[in-house]
There are 4 protein chains.
Amino acid sequence: MGDGRTKRMPRAERERQMLDAAVEVIARHGYTAASMDEIAELAGVSKPLVYLYLNSKDDLFTACIRREAAALTEAVRAAVRPCLPADRQLWDGVQAFFAYTAEHPDGWTVLHLQARTHGPRFTAEADAMRAEMTAFVTRLIASAAQESPHSRDLPAAEIEGLAMALIGAAESLADWANTTDGITAPQAAATLMNFAWSGLGDLMSGNRWATPVGLA
Amino acid sequence: MGDGRTKRMPRAERERQMLDAAVEVIARHGYTAASMDEIAELAGVSKPLVYLYLNSKDDLFTACIRREAAALTEAVRAAVRPCLPADRQLWDGVQAFFAYTAEHPDGWTVLHLQARTHGPRFTAEADAMRAEMTAFVTRLIASAAQESPHSRDLPAAEIEGLAMALIGAAESLADWANTTDGITAPQAAATLMNFAWSGLGDLMSGNRWATPVGLA
Amino acid sequence: MGDGRTKRMPRAERERQMLDAAVEVIARHGYTAASMDEIAELAGVSKPLVYLYLNSKDDLFTACIRREAAALTEAVRAAVRPCLPADRQLWDGVQAFFAYTAEHPDGWTVLHLQARTHGPRFTAEADAMRAEMTAFVTRLIASAAQESPHSRDLPAAEIEGLAMALIGAAESLADWANTTDGITAPQAAATLMNFAWSGLGDLMSGNRWATPVGLA
Amino acid sequence: MGDGRTKRMPRAERERQMLDAAVEVIARHGYTAASMDEIAELAGVSKPLVYLYLNSKDDLFTACIRREAAALTEAVRAAVRPCLPADRQLWDGVQAFFAYTAEHPDGWTVLHLQARTHGPRFTAEADAMRAEMTAFVTRLIASAAQESPHSRDLPAAEIEGLAMALIGAAESLADWANTTDGITAPQAAATLMNFAWSGLGDLMSGNRWATPVGLA
DNA sequence: GATGAATGAGATTTCATTCAT
DNA sequence: AATGAATGAAATCTCATTCAT
């Protein structure tokens with residue numbers, strides 16, 4: 001490359017730099033429009049080295065998705081203490097989620113938008129992480145429901161739907177917080193909890209929303 | 001094309017065919033990976049004609065986004081009667097939303113995923129529609145809040161956050177319903193209302209979720 | 001291309017020009033070292049047009065081999081009259097063969113050398129032509145043998161071997177004539193006939209070469 | 001390489017391993033398609049060592065051709081005893097030739113096919129060996145001719161042509177024997193001798209094939 | 001004697017786009 | 001209203017080769 005960057009570093013470190021660069025460039029231009037040239041330049045290496053280490057553009061993208069998904073998942077997992085009550089677990093996880101997405105907006109873009117728009121191979125990778133999140137939320141809802149006297153009102157399929165709704169709300173708020181000045185991660189987290197838990201709480205108490213008569 | 005397709009049709013109809021083809025191909029492969037060749041072939045016309053009518057790939061995509069956004073917006077608007085109470089308006093709009101996304105999965109993919117992952121020009125188009133949805137929801141929440149005795153508890157910024165959360169939940173459930181066998185649009189709609197309105201209802205009653213002491 | 005070449009010609013003619021150029025360039029540098037850039041330039045078109053018409057480098061090479069093989073086969077077939085005696089048929093075919101290889105040295109190089117040195121896909125194409133030649137020669141030898149009183153001495157496997165030997169001798173002489181000043185195609189043809197037919201004639205008469213005693 | 005291979009061996013042996021690997025890989029993929037990476041890996045060494053010992057891909061290929069040519073030439077030379085009569089010398093040489101090509105198919109492929117299809121530098125190397133073979137055969141034919149009363153009928157140019165034919169026949173039969181099940185080297189050798197010597201023998205006796213009147 | 005780290009150059013291939021009719 | 005012919009530009013990827021140790 002000829003510039004002043006440090007050279008000859010161990011493979012692991014170079015790989016990390018390449019993934020950093022790839023996440024940034026892919027977040028900026030989108031996966032297909034991102035060029036290996038730009039990624040290599042931002043990483044401070046030549047293209048062949050990127051191919052030598054990461055094998056192909058597809059593999060590079062997959063590696064990005066996996067790394068970012070693992071980091072986000074780990075951040076949430078580390079924040080949750082299973083001994084606490086369900087709502088407190090959710091609160092801790094939600095806070096960690098918003099903190100992470102705020103600190104790693106490019107990674108979040110790659111996970112939330114890019115990984116889901118470029119074919120089944122990558123969608124599958126992203127779905128694996130989403131499934132983990134969904135499982136976590138589903139577990140919480142189910143355990144909360146069991147402690148409530150009205151649990152019979154919530155069939156499994158609906159619980160999964162509620163989990164999807166909660167996760168979608170979280171994703172949307174993360175984007176909103178990342179692109180709106182003056183909205184902090186803790187604020188987004190509080191809004192989500194208000195929105196979600198109060199609603200879920202009502203459901204636990206057997207208070208369903210009253211469907212207008214005569215509608216499916 | 002030389003095959004047996006009908007030729008010499010009026011411009012408006014040809015344009016519609018081209019947009020149909022573009023939406024389908026873009027939903028399948030993603031915008032950048034979609035090729036004008038494939039779009040032209042699926043539309044049953046030659047490439048120069050596509051350029052003559054739609055001008056460029058960017059313009060074609062923009063036209064797709066606008067058309068799909070207008071159709072979805074219109075479907076929701078048509079279903080809502082402003083004379084009814086807020087929760088009923090929301091219910092009608094939500095039902096129309098899920099019905100539309102279920103019937104036009106390619107259009108929904110283009111709007112929800114493709115339009116948001118290929119640079120600011122298209123994101124802006126999609127955001128315009130999202131803003132319309134947000135405004136609708138925000139108005140509903142605000143009007144409901146005004147009827148409640150605890151409205152002062154909900155500042156404008158939080159109302160916007162709640163709207164983002166609700167819309168994100170709706171988007172997530174639309175994807176879920178479209179990709180999960182056995183989940184119908186009405187079921188997704190009901191799940192969303194349960195999740196959202198009960199929660200919002202609690203908020204209207206002044207029942208916020210109790211933030212654990214000492215946390216941001 | 002910008003140069004003074006004629007433009008906008010019908011597809012069939014352009015394809016022929018491309019194959020001409022490809023045969024010439026491949027004969028000169030070898031298949032792998034031949035670049036699509038050079039082929040396109042020699043054909044007077046841009047690279048994308050070569051790909052549009054011939055699809056890939058592999059397919060282009062295959063098309064070259066097929067065209068050259070068909071032309072050579074046809075030249076030999078046209079020269080042979082099955083009503084004549086076997087040695088006369090062979091003489092006519094051999095003359096046509098050397099005349100063709102002398103007039104189309106690049107095509108001959110592609111068939112004889114390039115097609116056989118770049119993987120099974122192309123070898124198979126070349127072998128198809130070689131098999132046709134072998135079949136022709138084998139038929140001649142067999143029919144000559146049947147007219148002779150000593151035909152029992154020649155098992156089928158050996159006849160095939162003799163055909164392979166004759167064809168190898170012809171190929172070698174074709175290369176020799178093409179690369180040696182002062183050797184004309186008719187001279188090479190005569191040399192081959194002397195070498196081959198007299199030897200075959202002896203075999204027909206039952207005069208095998210006397211294998212030294214005690215050797216396999 | 002990090003695996004369990006033996007290390008630190010004397011240069012000559014390492015070089016032999018590299019040439020072995022190169023011959024195998026080049027025979028398999030062709031010279032241009034053969035990669036230094038694959039050769040180094042098959043040799044069990046790192047690429048820089050290959051360059052240290054063999055200097056460049058071209059030089060490596062040249063070294064392969066020279067080694068294989070020398071080995072084949074030596075095998076034939078060792079089998080021939082100049083004190084014996086010409087046909088016996090030829091028989092011994094031919095046997096050695098087919099035995100060698102059968103035992104070293106990769107080397108034979110490199111010599112016969114690869115060395116002749118990748119530009120003048122390598123063709124020259126292969127031609128040097130071919131010239132040696134031709135000289136040997138030419139000498140035999142000439143010496144046989146001198147012992148015969150009809151020698152004046154064979155001018156030098158035709159003798160060289162006959163030698164080219166014989167060598168081409170031998171090459172073709174070697175390929176045929178190597179790729180056809182059930183054909184052994186001795187069988188191929190016998191077929192060649194029958195084909196060649198009987199024919200040559202006839203020529204020695206003044207029996208030329210009768211060119212049809214009126215043809216060149 | 002031997003190798004991990006790194007690259008300049010160039011290969012094939014694809015794409016959005018236009019011209020001439 | 002419509003298309004066959006054609007291309008400039010740029011993408012991904014591979015390769016022979018070298019440096020520093």
Side-chain angles (χ1 to χ4, degrees), chain A residues 1-2 7-11 13-14 32-40 44-60, chain B residues 1-2 5 7-11 13-14 32-40 44-53 55-60, chain C residues 1-2 5 7-11 13-14 32-40 44-58 60, chain D residues 1-2 5 7-11 13-14 32-40 44-53 55-60:
Chain A
M1 306 270 49
K7 302 225 166 184
R8 301 261 161 186
M9 46 206 325
R11 172 167 182 155
E13 194 172 350
R14 270 279 189 251
T32 324
S35 86
M36 296 297 272
D37 269 298
E38 189 174 353
I39 292 171
V45 297
S46 67
K47 248 187 312 176
L49 199 60
V50 180
Y51 280 91
L52 188 61
Y53 284 178
L54 275 312
N55 206 48
S56 73
K57 198 185 180 188
D58 269 30
D59 284 359
L60 171 59
Chain B
M1 307 310 299
R5 291 170 193 275
K7 302 219 170 184
R8 302 256 161 190
M9 44 176 50
R11 172 159 182 157
E13 193 171 351
R14 270 276 188 253
T32 322
S35 85
M36 295 298 272
D37 268 296
E38 188 172 355
I39 292 169
V45 296
S46 68
K47 254 185 308 179
L49 198 61
V50 179
Y51 280 88
L52 188 62
Y53 283 1
N55 202 50
S56 75
K57 196 187 181 188
D58 269 28
D59 286 356
L60 171 58
Chain C
M1 309 283 13
R5 290 171 193 277
K7 301 226 167 182
R8 301 262 160 185
M9 46 203 326
R11 174 168 180 154
E13 194 171 350
R14 269 279 188 254
T32 323
S35 87
M36 295 298 271
D37 268 298
E38 189 175 353
I39 292 170
V45 296
S46 69
K47 250 187 310 178
L49 199 61
V50 179
Y51 279 91
L52 189 61
Y53 285 177
L54 275 313
N55 206 49
S56 73
K57 198 186 181 188
D58 268 32
L60 171 59
Chain D
M1 305 311 303
R5 289 170 194 275
K7 302 220 170 183
R8 303 256 161 190
M9 45 178 48
R11 171 160 184 159
E13 193 171 352
R14 269 279 188 252
T32 323
S35 86
M36 295 296 273
D37 268 296
E38 188 173 354
I39 291 169
V45 297
S46 68
K47 254 187 308 180
L49 199 60
V50 179
Y51 279 88
L52 188 62
Y53 284 2
N55 202 49
S56 75
K57 196 186 182 189
D58 269 29
D59 286 357
L60 171 58

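Computed from a predicted structure; not experimentally measured. We name chains A, B, ... by the order of the sequence lines, and we start the count at 1 in each one.
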- Task: Could you tell me the separation between the CE atom of Met36(D) and the CD1 atom of Ile39(D), rounded to the nearest 0.5 Å?
- Result: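 The distance works out to 6.0 Å.
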- For Asn55(A), check side chain to side chain contact (heavy atoms under 4.5 Å, CB included) against everything at least two apart and list the hits.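 Side chain to side chain contact (heavy atoms under 4.5 Å, CB included) check on Asn55(A) returns Asp59(A).
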- Query: side chain to side chain contact (heavy atoms under 4.5 Å, CB included) with Tyr53(D): which residues, sequence neighbours excluded?
  - Reply: Arg11(D), Arg14(D), Glu15(D), Met18(D), Leu49(D)
- Message: Taking only side-chain N and O atoms of Arg11(C), does any of them lie within less than 4.0 angstrom of OP1 or OP2 on dA6(F)?
- Response: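 No.
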- Message: The side chain of Leu52(D) is closest to which nucleotide in this list: dA1(F), dA2(E), dA6(E)?
- Response: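 That would be dA2(E).
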- Considering only dA2(E), dA6(E), dA2(F), which nucleotide approaches the side chain of Ser46(A) most closely? dA6(E)
- Applying the Watson-Crick and G-U criteria (both distances under 3.5 angstrom) with [ ] for crossing and | for other-strand pairs, one obtains for DNA chain F .||||||||||||||||||||
Taking [atom1] from [X] and [atom2] from [N], how many angstroms apart are they, rounded to a whole number?
X	N	atom1	atom2	answer
Arg14(D)	dT3(E)	CZ	C1'	12 Å
Tyr53(A)	dT7(E)	OH	C1'	12 Å
Asp59(A)	dT12(F)	CG	P	14 Å

- side-chain hydrogen bond (donor to acceptor under 3.5 Å, both in side chains) involving Asp37(D) - partner list, sequence neighbours excluded: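 side-chain hydrogen bond (donor to acceptor under 3.5 Å, both in side chains) list for Asp37(D), sorted by chain: Lys47(D).
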- For nucleotides 15-21 of chain F, just jot down a letter per nucleotide in 5' to 3' order: B, S or -, based on protein non-hydrogen atoms under 4.0 Å. BSBBB--
- Which atom of Ala40(A) lies closest to which atom of Ser46(A), heavy atoms considered: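 That would be CB-C, 4.0 Å.
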